[in-house]
Amino acid sequence: MLAHTHVPDMGQTQDPDASLKAAYRPLRVPVLMIAAHGPEYPIVFANAAFLRMSGCSGDEVLGQSWRSIVGEHAEPEALAALEASLKAGEGHDAEFLCRRSDGASLWGSLSVSPVRNEAGRVRLFIVTMTDIGATKQRERLLEEQLEQKKVLLQEVEHRVKNSLQMTASLVLLKARRLKSPEARKVLQEVAERVGALAAVHRLLHGSSDSGRFNIRDLAAELVGELILALPEGQVELSLDVQPIAVPASKAAALALLLNEAIGNAVKHAFPDGRQGRLTITIGRMESDLAITVEDDGVGLDHAPPPEGSFGKTLMTMLAHQLKGRLTWHDMEPGTRAQVVLPIGAEETRFE
Amino acid sequence: MSSEKRLRILVVEDEILIALELESLLQDLGHDVVGVATSSAEALALGQEVKPDLAFVDIHLADGPTGVDVARQLAARQGVTVLFMTANAKRIPEDFGGAWGVIAKPYTERGVREALSYVMAGKPREPQEERTVTFLPFGVTAREGSPQAS
Ligand SMILES: Nc1ncnc2c1ncn2[C@@H]1O[C@H](COP(=O)(O)OP(=O)(O)O)[C@@H](O)[C@H]1O
Ligand SMILES: [Mg+2]
């Protein structure tokens, strides 16, 4: 015998689901029951919590197709998927924009469970609904805020780059107006250093991962610019740089360091049209990152360092900041500057 | 440079320091800067008046982010070859607004040189040994219908 015969009669005699309905009626969770009769799958029960949420009376709901609970904005694919589950007699979870009787809509999370009779046939579906409007609202708000932050970040990047551009322009404009070659040279060096910092910003903001940059791109960019100071063909350039990802926090120091080392070779190693070769090697050396700039030019000691020279001092300072070791070798002929940096866990190989 | 042709160039840039420095650089490279505009209206008026071969166009101008429109009009109506020069390349539309390429700011002398030789060659060269990050050509498909500097 079926269990329902033991449940007090609720007025509708012979309802095989009376006991289920009695159990769901007082629940605080909105619950519907849908008859397993396609194609309409009519609503045969709605508890008070559901009626409160939907703003409908029982008469407005009962007998209507299950589709009447979702709004007209529901995605057709989502509706079709739910319908397919009903047809197959399977459970289903989905989120829908549902319609309230007052025309307002609400986001509902629907959970559909089939109920089978003793013969194993699905006789109805129980649908529980949760109002997830607040969650959706929060999601939307977060998305909006994220979008705003992205725009802001872009704006800041834009301003950084523009300011660096203006700094370089300012210095170069002044340099162009000076008669003294010494003074011009000093200002051009300042602009070059600003340019090295600018290269970092271009590369960082161009890459998908703003937290890291590829040292190979940086080296290629800097040497490409610095080599312009020499007439084409005078010095053969050889670049052997591994694609290694370095954290953005080290980018500025590395860029300035490379700029000084390469700049020195370009400016001092090959005077009076001297031919030669400039080799830049960056790669791993055991647990270190080794950066080597080598030329076969006139050598460090070809002349006493001029008054006020700063490049080599700057390199020492930067190597220190990066916790690295800077060494100079007389290659007879030529000069080799090498910086060996401890390679952190953050540094990784690209690809 | 491969070509001795002097290009007549219009600079559209609202930061006067940048415009002046770029002007000096272009002159050093053997070209004539025939005008400097800081707003979209000024750019279009100057375009009509001086008929430049080439225009360097920033995206942010004195009257807002109007550079893309300026590029479109200069290219389509006035037959000017356009290069963007901007720190905000993300603003460039998918069809490139009729421009031939973009020079990223902060620009480098090499970026400007490459852009000029690209324009003077009149057609894209094969992807090069090492590409600069400062100049990015848009390629042929992007600029169909946009005239050549000649
Ligand atoms: N690669 C090199 N080849 C030959 N001489 C060099 C090289 N690097 C540096 N020097 C010499 O060392 C001097 C000091 O260099 P630096 O401190 O960078 O100052 P600056 O480059 O301003 O002269 C240079 O003036 C030059 O004489
Ligand atoms: Mg130096």
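Below, each value reflects all heavy atoms present in this structure, side chains not excepted, and no hydrogens, waters or symmetry copies. Numbered from 1 within each chain, the chains take letters A, B, ... in sequence-line order. A quick note: this is a predicted structure, and the numbers were derived from the prediction, not measured.
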Which distance, rounded to the nearest 0.5 Å, do you find between the CD1 of A:I262 and the CG of A:D295? 11.5 Å
Can a donor-acceptor pair be found between the side chains of B:S40 and B:D63 at a distance below 3.5 Å? yes
Does the side chain of A:T279 pick up a donor-acceptor pair with the side chain of A:E294 at under 3.5 Å?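 Checked: A:T279/A:E294 side chains show no N/O donor-acceptor pair below 3.5 Å.
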Walk me through whether B:R6 and B:D32 qualify under salt bridge (Lys or Arg N to Asp or Glu O under 4.0 Å). CA-CA 7 Å; B:R6 291 175 79 88; B:D32 294 321; 2.7 Å; yes
Any idea which of A:R159, A:E155, A:Q154, A:E232 has the most non-hydrogen atom pairs under 4.5 angstrom with chain B? A:Q154
Leading residue by heavy atom contact count with chain B [cutoff under 4.5 Å; candidates A:T167, A:V160, A:N162, A:L164]: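 If we count pairs closer than 4.5 Å to chain B, A:N162 comes out on top.
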Name the region of A:L228, side chain, backbone, both or neither, that has any atom closer than 4.5 Å to a heavy atom of chain B.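 For A:L228, the contact with chain B is made by the side chain alone.
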Under 4.5 Å from any heavy atom of chain A, what part of [X] do you find: side chain, backbone, both or neither?
{"X": "B:E109", "answer": "both"}
{"X": "B:L25", "answer": "both"}
{"X": "B:D58", "answer": "neither"}

Quick one, A:T292 with A:Q338, criterion side chain to side chain donor-acceptor pair (under 3.5 Å). Give me CA distance, side-chain angles, the key distance, then yes/no. CA-CA 4 Å; A:T292 313; A:Q338 186 174 58; 3.0 Å; yes
